[in-house]
Amino acid sequence: MYRYVIGREISQLRYQNSRTPKRMPTVLSEREVKAILCHLRGKYWLLAAILYGCGLRIQEALSLRIKDINFDSKSIFVFNGKSSKDRYTLLPNSLISPLTEQVEIARQVHRKDLDDGAGMASVPPALLRKYKGALKLYGWQFIFPSSHGFVNDMDTSTHHLH
């Protein structure tokens with residue numbers, strides 16, 4: 001700017017371009033992942049295995065719904081993931097059996113909740129406006145349901161594990 005606009009040379013300024021720090025992503029080795037997984041049991045093991053085996057983030061794994069799992073094509077649909085984008089990811093063969101068992105547990109929780117007069121999942125508001133029956137549909141239930149329902153103004157809903 002000084003040279004071409006003002007027409008003066010600046011010779012006594014000492015400056016350096018700022019450096020951006022190099023940040024390497026933290027990726028666990030296979031040995032470290034096995035060490036973590038061997039200390040987990042049940043749904044917590046399954047959650048950690050999904051995070052590692054399918055590449056999901058914690059909130060994406062917690063908010064998985066039954067309709068998001070396709071055992072035939074061995075895929076998982078991630079709704080509204082990072083940057084509000086939807087995507088599909090692969091489901092490893094080693095997780096099919098434990099995930100099938102967890103889906104059956106979620107089915108039993110849903111049946112019990114329906115018998116108790118609840119059993120409604122929290123769904124996106126746009127879906128609720130369009131189709132109020134989606135609240136009680138089995139496919140919209142969370143794979144990892146919370147042990148406690150939450151009560152809003154009108155009803156008791158089941159949310160995902162926290």
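Counting begins at 1 with the first residue of the sequence. These values consider heavy atoms only, across backbone and side chains, with no hydrogens, waters or symmetry-generated copies. What you see is a predicted model, and the numbers here were worked out from it, not measured in a lab.
Taking CG of Leu91 as the reference point, atom CD1 of Ile76 lies at 5.0 Å (rounded to 0.5 Å). Note that the CZ atom of Arg41 and the CG atom of Leu46 stand 13.5 Å from one another [nearest 0.5 Å]. Distance CG/Leu90 to CG/Leu95: 11.5 Å, rounded to 0.5 Å. Separation of atoms CG (Leu28) and CG (Leu37) is listed at 9.5 Å; rounding is to 0.5 Å. Interatomic distance, CZ of Arg87 versus CZ of Phe77, reported as 10.0 Å (0.5 Å rounding). Remark: Ile36 CD1 to Arg31 CZ distance equals 10.5 Å, nearest 0.5 Å.
The same ILVMFWY cluster, assembled from side-chain heavy atoms under 4.5 Å apart, contains both Leu51 and Leu40. Each of Phe79 and Leu47 belongs to its own hydrophobic cluster when Ile, Leu, Val, Met, Phe, Trp and Tyr are linked at side-chain heavy-atom distances under 4.5 angstrom. Under the 4.5 Å side-chain heavy-atom criterion for ILVMFWY residues, no single connected hydrophobic cluster contains both Leu64 and Tyr88.
No more than 12 heavy atoms of other residues, nucleotides or ligands sit less than 6.0 Å from atom CD of Glu30. Shown here is Ile58, whose CD1 atom has no more than 12 heavy atoms of other residues, nucleotides or ligands within 6.0 Å. Atom NZ of Lys34 is surrounded by 12 or fewer heavy atoms from other residues, nucleotides or ligands within 6.0 Å.
Nearest heavy atoms, Lys74 versus Asn93: NZ-OD1, 2.8 Å. Between Pro92 and Gly53, the shortest heavy-atom distance links the atoms CG-O, 3.6 Å. Of all non-hydrogen atoms in Ser75 and Ser73, the two that sit nearest each other are OG-OG, 2.9 Å. In plain terms, the two heavy atoms of Pro98 and Trp45 that are nearest each other are CG-CZ3, 3.9 Å.
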Does the side-chain contact (heavy atoms from CB on, under 4.5 Å) test come out yes or no for Ile50 and Leu99, once each step is laid out? CA-CA 9 Å; Ile50 288 173; Leu99 198 53; 3.9 Å; yes
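When side chains are defined from C-beta on, Leu137 counts as touching Tyr131, because their heavy atoms get closer than 4.5 Å.
Using modelled atom types, one side-chain atom of Gln102 and one backbone atom of Ile143 make a donor-acceptor pair closer than 3.5 Å.
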